[in-house]
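Okay, so here's the structure we're looking at.
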2 protein chains.
Amino acid sequence: MSTTSEENYIKAIFKLSHELKTEATTSSIAEHMATKASSVTDMVQKLADKHLVNYIKYQGVTLTPKGEKAAIKMVRKHRLWELFLYQKLGFKWNEIHEIAEELEHIKSDVLIERLDKFLNYPQKDPHGDPIPDRKGHFPENKSFKLSQLSKGVKGIVVGVNDKSSVFLAYLDKVGIQLGTELEIIDCNEFDNSLDIKVNDSKLIHLSYQAIQNILMIEK
Amino acid sequence: MSTTSEENYIKAIFKLSHELKTEATTSSIAEHMATKASSVTDMVQKLADKHLVNYIKYQGVTLTPKGEKAAIKMVRKHRLWELFLYQKLGFKWNEIHEIAEELEHIKSDVLIERLDKFLNYPQKDPHGDPIPDRKGHFPENKSFKLSQLSKGVKGIVVGVNDKSSVFLAYLDKVGIQLGTELEIIDCNEFDNSLDIKVNDSKLIHLSYQAIQNILMIEK
DNA sequence: TAATATAATTAGGCGCGCCTAAAATTTTTA
DNA sequence: TAAAAATTTTAGGCGCGCCTAATTATATTA
C-alpha cells in the first residue's frame, strides 16, 4: 500500500521523465513538488526499497515497470475525476485540478472502474489530455501546437499544455475552449504572435506564449 | 483547517453523544475508534485548544457549537457520497460505507454543494438515514423499530440501525431493502422473533436482533 | 471511610514526512 | 587538472498521531 505522499512523488517523477521529457533529478523533483532536496532523497530511498524506482546515489531516478504502472494509474484516476467534476458537477476547467488532486488518492479500485463506466469510458479529460484505460494504455493523441500552424489554416482546439487556472480562465475570456475552431489570419514575425479568427466570427490576438500552450488538429 | 484524524474524532464524539445517546468518555471514544485511551486524551486536548470540544480533565467530552457544526458537516458529506456511490455508480448498500469514509474528508465546500445539487437535494441516504442540509438541519425522521410493530400490521422499511456489511447483505438475501412492505404475521414470544410476509408474497422469519435494527413507518 | 478497582492522564518512545546545516560527491571553470 | 561551484546525501531535529508503561484521579465496596 502506498501513502498519499509516495503517490505524489511517483506522479512527479512520471511527469518529469515522460511529459516534460526532462531528467528526474533530486533537485528537479524538489522544485516540482515545492519541497527540499533532502526530503526528496529520503523519499526516493524509500521508493527504491519498495522497488518503485531505480535509484543510484548521486545519479537521479527512473521509474521501474511497477512504478510506471502506479504512476499511470494515478494519471487515470486524476483525469477521470476531473472529467466527473467538469461534466457531471458543472465545474469550470480551471477549477477541477485542485479537487482532483485530492480525489485521486481515494484507494478503491472498483470505484475507479465504476466511475469510468459512469462517464462512458471517456478517452479525454476536460483539458484534452488522454485518459489511460484500465490496462494503462493511452489513446493516441495526434495533436500539435497552435504555434506550428501556418497562415490561412483552420484547426480545432483539442487540448492545452498549460493547465494553470489563470491560463484556462484567460482562454475562457477570449472564447476558446475544446472544440473551438480557429483560423490563422496573420502571423506577426517580430514577436511570433498570431491574429486569429474564433469560430468564424470574433478576431483575437494571441501571444507566442499562449499559442505554444494550445493544442490543435487541422480541420 | 482540520486533519483527517481530527475529523474522525469529531465524528465519533458526535455519534456517541447524539446517535447512541451515550456519554463520550475517553474510553468509549477509544473503543469506538479502535484506538487507545491515551491517544484519545492527546487528541481531545488538541480539539479543546481549537475550541471544538469542551473538555475538563477526568470528566468526558462534549462538542462545542463549532464542533457540532463540523460534525454535522461530516455526516452530510458522508451520506451524500454514499448516495452518489449507490445511485450513480451502482454500488450495493453494504459496499458504500468504507469508500465514503475516505471521500468525506475531501476538503472543498463547493464540491459538496455541487454534489448535493447533482443528486437533487436528497433527504435520505441509501440506509434511510437523514441527510442534513447546507445549514445543518436534519429532515424529520419519524420512523420506529420493526420490533415495535404488532401482529397484523403492515409497514414500509425506511431505514436500518445496523449499517454493517454483513447485516445489509443478509437483508438483501431475505429480500428486504428500503421501500419493502412487511406484514407482521406472527410474534413468537419466547424469543421475540417475528414471522413476516415480504411484499405480500414470501414468508420469512427474523430474529429479535434483526427486527431491532430495521426501521419502519406504518402503511 | 479506608482499601481496592477502574478510568484517565502523563511520560516517554516510535515511524512518517518534512526541515536545516554539514559533509560528500560530481560538475564546471580557470 | 586543480580549485571552485553546484548538486546530492547524511545527520540530527521537529510535529503529528499513535503506542506502552507508569502515575494520578475517581468510583466502588468492604
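Lettering of chains follows the sequences in order, A, B, ..., and the numbering in each one begins at 1. All values reported here derive from a predicted model rather than from experimental measurement.
A salt bridge is absent between B:R76 and B:D133: the closest approach of a Lys/Arg side-chain nitrogen to an acidic carboxylate oxygen does not fall below 4.0 angstrom. A salt bridge links A:K11 to A:E101: one of the charged nitrogens lies within less than 4.0 Å of a carboxylate oxygen.
Residue whose closest nucleotide on DNA chain C sits further toward the 5' end, between B:Y55 and A:T4: B:Y55. Judged by closest nucleotide on DNA chain C, B:I56 is the one of B:I56 and A:K57 placed further toward the 5' end.
With distances taken from any side-chain atom of B:Q45 to the nucleotides C:dT10, C:dC19, D:dT8, the minimum falls on C:dT10. Closest contact between the side chain of B:K36 and the listed nucleotides C:dA8, D:dC19, D:dT8 involves D:dC19.
Not one side-chain nitrogen or oxygen of A:Y9 sits closer than 4.0 Å to the OP1 or OP2 atom of C:dC16. The phosphate of C:dC18 (OP1 or OP2) has a side-chain N or O of A:S5 nearer than 4.0 angstrom. For B:S27 and C:dA8, the shortest distance from a side-chain N or O to OP1 or OP2 is below 4.0 Å.
Here D:dC16 presents its C1' atom at 8 Å from CE of B:M43, a figure rounded to the nearest Å. As rounded to whole Å, 12 Å separates atom P of C:dC16 from atom CG of A:L47. Taking atom CG of residue B:D49 and atom P of nucleotide D:dC16, one finds them 11 Å apart after rounding to whole Å. Note: CD (A:Q59) to C1' (C:dT25) measures 10 Å, nearest angstrom. For A:D42 and C:dC16, the CG to C1' distance is 10 Å, given to the nearest whole Å. If you take OH of A:Y58 and P of D:dT7, they are 14 Å apart, rounded to a whole angstrom. When the P atom of C:dC18 is taken as reference, atom CG of A:N8 falls 9 Å away, rounded to whole Å.
A cation-pi arrangement is not found for B:K88 relative to A:F84, the charged atom failing to lie both closer than 6.0 Å to the ring centre and inside a 45° cone about the ring normal.
Counting non-hydrogen atoms under 4.0 angstrom, A:T41 reaches a base of the nucleic acid. Within the nucleic acid shown, A:S39 comes within 4.0 Å of at least one base atom, counting heavy atoms only.
A donor and an acceptor atom sit less than 3.5 Å apart, one in the side chain of B:S38 and one in the base of D:dT20.
Checking A:E82, A:K163, A:R79 one by one against A:H127, the side-chain hydrogen bond (donor to acceptor under 3.5 Å, both in side chains) holds for a single residue, A:E82. Across A:L194, A:D162, A:V158, A:L171, a single residue satisfies side chain to side chain contact (heavy atoms under 4.5 Å, CB included) together with A:I214, and that is A:L171.
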